[in-house]
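Down below is the structure, laid out as structure tokens.
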Protein chains: 2
Amino acid sequence: MKTDIDKVFKALADPHRRQLLDRLHADNGQTLGELCLDASMTRQAIAKHLGLLEAANLVVTVWRGREKLHYLNPVPIQEIYERWIHKYERHRVRALTDLTKALEEKCDD
Amino acid sequence: MKTDIDKVFKALADPHRRQLLDRLHADNGQTLGELCLDASMTRQAIAKHLGLLEAANLVVTVWRGREKLHYLNPVPIQEIYERWIHKYERHRVRALTDLTKALEEKCDD
DNA sequence: TTGACATGCAACCATATGGTTGCATGATAT
DNA sequence: ATATCATGCAACCATATGGTTGCATGTCAA
């Protein structure tokens, strides 16, 4: 079984999907049709990408008649930060000194 | 051609690779052999994962005799935050209100 | 010097992934 | 009512990905 956080990382791994999030970030609540304009792939391909983003809870959808509106959900991105990136930030300085020390020793040969 | 940031996102997409980063975070400068202990796959598989992490500049290596030491490089993770996550954080409240408003309208049917 | 040890390289395999095409379904507008 | 529009579903395909096995290379230690 995939963890929630794994689904989010996987969803973010594709540049097209990140671009879709960017487009929703610029203009929230777009329909599938709108998100397909000026795209270099078929509607079905984009619908699949949106499906993955939805499964990762990065996008939430609302039906309005026959249109499906797509909204950005910023919560999982925030969780990636808090549960994963943040801990590396805390010890960032130590990791960097480890690294530079190792690289210096390398040059002492 | 893959962008730098894309390589980092791709590298972070695999749970085994994130686990390797976690292990280096806990104990920096480990050899390949050490990183293979208690792992459920072959040395070669782990070496491939480390190769991707190195290509994404998330890990930097130093040779010491016949051993290869692996160090965590926190810089790309920080860049992911600054160049990508941060902008979503800034408009987080707006995105959330967009979302809840849309969900409320959905219930007004 | 020779054997053991740490790692690299390459071929190969199964499955996942990203994309396509074709058709089905349900809502809207005339 | 019916044609059109927005979307979903399913089969299919090529390539990417994650893993394996087998062998080669270079370093250390006896």
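For the numbers below, each heavy atom of this structure counts, side chains included, while hydrogens, waters and symmetry mates do not. Reminder, nothing fancy here: chain letters follow the sequence lines and each chain counts from 1. Computed from a predicted model, the values in this text were never measured in an experiment.
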Please state whether the phosphate of D:dC9, meaning OP1 or OP2, lies under 4.0 angstrom from any side-chain nitrogen or oxygen of A:K48.
no
Return yes if some donor-acceptor pair links the side-chain N/O of A:H91 with the main-chain N/O of A:E89 below 3.5 Å, else return no.
no
Using the rule that two of Ile, Leu, Val, Met, Phe, Trp, Tyr join whenever any of their side-chain heavy atoms come within less than 4.5 Å, decide whether A:V75 and A:W84 are in one cluster.
no
Would you say A:K10 places a side-chain N or O within less than 4.0 Å of OP1 or OP2 belonging to C:dA16?
no
What pairs of nitrogen or oxygen atoms, one from the protein and one from nucleotides 22-28 of chain D, lie under 3.5 Å apart?
residue, atom, partner, partner atom, Å
D:dG22, O6, B:Q44, NE2, 3.0
D:dT27, O2, B:R66, NH1, 3.2

Whole-Å distance separating the NZ atom of A:K68 from the P atom of C:dA27:
14 Å
Of all the choices, C:dG18, C:dG19, D:dG19, which nucleotide is nearest to the side chain of A:A45 once you look at every atom?
C:dG19
Is it the case that the side chain of A:E82 and the backbone of A:E79 share a donor-acceptor pair, with hydrogens and angles ignored and the cut-off at 3.5 Å?
no
Distance check needed: C:dG19 P versus A:L20 CG, whole Å only.
10 Å
Under 4.0 Å from OP1 or OP2 of C:dT20: is there any side-chain N or O of A:T42 that close?
yes
Rounding to a whole Å, what distance do you find between A:E54:CD and D:dC9:P?
11 Å
How close or far is atom P of D:dG8 from atom NE2 of A:H49, stated in whole angstroms?
15 Å
Using atom types as modelled and distance alone, determine if a side-chain donor or acceptor of A:R23 lies under 3.5 Å from a backbone N or O of A:L35.
yes
Write down the distance between CD (A:E67) and C1' (D:dG8), rounded to a whole number of angstrom.
15 Å
Is there a path of hydrophobic side-chain contacts, each under 4.5 Å between heavy atoms, that joins A:L72 and B:L99?
no
Rounded to the nearest angstrom, tell me the gap between atom CG in A:L50 and atom P in C:dG19.
12 Å
